[in-house]
Amino acid sequence: FSSKPYKLIIVDCDNTLWGGILDEDGCENIKYDGDGVGQIFSQFQLFLKNKKKEGYVISISSKNNEKEVWNAMKNRGMTLQKKDFINPKINWEDKAKNINLIINQLTLRASDCVFIDDNQLELEKVKSKIKNINIINASDPLKILTKVNSDPRLFKHKILKEDLNKYKQYKLKSKFEDISKKNDHS
């Protein structure tokens, strides 16, 4: 176990960024902000937003309808918005496949990445298909903040100027990759 900080944090959406299942519960009924468990999800998003400010790259791997995810974030006034994520993969594909795509597009190693999901089965599938990836089980919303706050790889002792520019660098790299792919197909 290395104490070197992660570079990439990949999260699921349903029951990880908010409470409930967007496709089943609808935007207005997912738990976010307000009282009770919804408050925990907004605090978790604030934690992730702060990690982004420290130079961590944030992405999504979620089995969901992408348009509905962005609409939910916008309509519910969530802390995290579309612009905060690099190379998000929101579709009905295998999560391990999507996570591999994200890692490869950013030219990172699996060991530089942590995947946070509430579904133990998904976590085990990802761990079996991607060697050296780090995982955090978010199945208990009451414990997720304790888990992320106690993971030493989610804290940088010193934030360098380069760390603060990482997000912009990865965003530019991501746009360049997209343009290259479009040109290859034309």
Side-chain angles (χ1 to χ4, degrees), residues 6 8-54 56-103 105 113-130 133-151 154 167 170-171 174 178:
Y6 303 119
L8 173 62
I9 303 169
I10 301 176
V11 292
D12 176 43
C13 291
D14 294 332
N15 290 313
T16 303
L17 287 180
W18 54 74
I21 299 170
L22 182 59
D23 207 34
E24 294 173 14
D25 301 327
C27 177
E28 60 284 343
N29 296 317
I30 56 173
K31 293 172 182 67
Y32 180 80
D33 216 1
D35 296 332
V37 76
Q39 187 64 36
I40 294 167
F41 291 104
S42 62
Q43 289 173 353
F44 179 59
Q45 284 198 23
L46 183 61
F47 173 87
L48 292 171
K49 183 84 164 192
N50 287 331
K51 294 294 119 188
K52 178 189 164 212
K53 289 177 185 172
E54 293 174 14
Y56 290 86
V57 176
I58 313 291
S59 193
I60 294 175
S61 178
S62 180
K63 290 181 180 176
N64 241 312
N65 176 314
E66 185 173 12
K67 188 177 177 190
E68 287 180 30
V69 166
W70 302 135
N71 285 338
M73 287 181 177
K74 185 178 177 186
N75 294 337
R76 293 295 299 272
M78 293 186 185
T79 301
L80 293 171
Q81 295 292 316
K82 184 177 183 177
K83 68 182 181 347
D84 293 309
F85 300 98
I86 294 182
N87 289 348
K89 304 292 181 228
I90 304 168
N91 53 43
W92 301 101
E93 299 287 326
D94 177 64
K95 286 186 183 181
K97 177 184 168 197
N98 282 331
I99 291 168
N100 256 328
L101 282 171
I102 295 166
I103 292 170
Q105 286 170 338
C113 172
V114 62
F115 176 52
I116 304 172
D117 195 322
D118 68 297
N119 185 320
Q120 183 63 37
L121 187 63
E122 288 287 359
L123 288 168
E124 288 171 15
K125 280 182 8 187
V126 166
K127 189 80 176 147
S128 74
K129 292 180 180 179
I130 306 173
I133 193 164
N134 304 282
I135 57 172
I136 296 176
N137 185 323
S139 63
D140 184 347
L142 299 174
K143 292 182 180 170
I144 188 58
L145 289 170
T146 305
K147 284 183 180 182
V148 294
N149 280 310
S150 64
D151 188 327
L154 285 169
Y167 175 80
Y170 283 116
K171 193 76 171 173
S174 177
D178 288 346

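- For Asn29, the side chain to side chain donor-acceptor pair (under 3.5 Å) criterion is met by no residue, not counting sequence neighbours.
- For the side chain to side chain donor-acceptor pair (under 3.5 Å) test, no residue two or more places apart in sequence or in another chain qualifies with Lys125.
- A heavy-atom distance below 4.5 Å is found between the side chains of Val148 and Ile116.
- Without hydrogens or angle criteria, Ser59 side chain to Ile86 main chain gives a donor-acceptor distance under 3.5 Å.
- Inter-residue side-chain proximity for Ile130 and Asn100 is flagged as met; some heavy-atom pair is nearer than 4.5 Å.
- How far CD1 of Ile102 is from CG of Leu8: 7.0 Å, rounded to the nearest 0.5 Å.
- In this view, Asn15 and Ile21, Asp118 satisfy the side chain to side chain contact (heavy atoms under 4.5 Å, CB included) rule, not counting sequence neighbours.
- Taking the side chain as every heavy atom from C-beta outward, Asp12 and Lys95 approach each other to under 4.5 Å.
- Without hydrogens or angle criteria, Lys127 side chain to Ile133 main chain gives a donor-acceptor distance under 3.5 Å.
- Applying the side chain to side chain donor-acceptor pair (under 3.5 Å) test to Asn137 and every residue at least two apart in sequence or in another chain returns Gln120, Ser139.
- Taking NZ from Lys74 and SG from Cys27, the interatomic distance works out to 11.5 Å, rounded to the nearest 0.5 Å.
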Apply side chain to side chain contact (heavy atoms under 4.5 Å, CB included) to the pair Phe47 and Ile144, showing each step before the final yes or no.
CA-CA 11 Å; Phe47 173 87; Ile144 188 58; over 6 Å; no

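- Residue Cys13 holds its SG atom at 5.5 Å from CG of Asn64, rounded to the nearest 0.5 Å.
- Counting heavy atoms from C-beta on, the side chains of Tyr56 and Leu48 never come closer than 4.5 Å.
- Atom CD1 of Ile135 and atom CG of Leu123 lie 4.5 Å apart (nearest 0.5 Å).
- Going from atom CG of Leu17 over to atom CZ of Phe41 covers 9.0 Å, rounded to the nearest 0.5 Å.
- Side-chain contact of Asn91 with Asn98: a donor-acceptor pair under 3.5 Å is present, judged by distance alone.
- Counting heavy atoms from C-beta outward, Ile9 and Leu154 have side chains that approach closer than 4.5 Å.
- Under the 4.5 Å side-chain criterion, counting only non-hydrogen atoms from C-beta, Leu101 is not in contact with Glu93.
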Test side chain to side chain contact (heavy atoms under 4.5 Å, CB included) on Thr79 and Tyr32 and set out the steps.
CA-CA 10 Å; Thr79 301; Tyr32 180 80; 3.0 Å; yes

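- Residue Lys97 holds its NZ atom at 11.0 Å from OG of Ser61, rounded to the nearest 0.5 Å.
- Sorted by first and then second residue, the pairs that involve residues 24-51 and meet salt bridge (Lys or Arg N to Asp or Glu O under 4.0 Å), not counting sequence neighbours, are Lys49-Asp84, Lys51-Glu54.
- Contacts of Lys143 classified as side chain to side chain donor-acceptor pair (under 3.5 Å), with partners at least two apart in sequence or in another chain: none.
- Nearest heavy atom pair, residue Lys63 against residue Asp14, reads O-OD2, 4.4 Å.
- When all heavy atoms of Cys113 and Asn134 are compared, the pair lying nearest together is O-ND2, 2.9 Å.
- Residue Val11 comes nearest to Phe115 through the heavy atom pair C-CE1, 4.3 Å, listed as atom of the first residue, atom of the second, then distance.
- Shortest non-hydrogen contact noted between Leu142 and Thr146 is O-OG1, 4.5 Å.
- The backbone N or O of Trp18 lies less than 3.5 Å from no partner atom in the side chain of Arg76, so there is not a single donor-acceptor pair.
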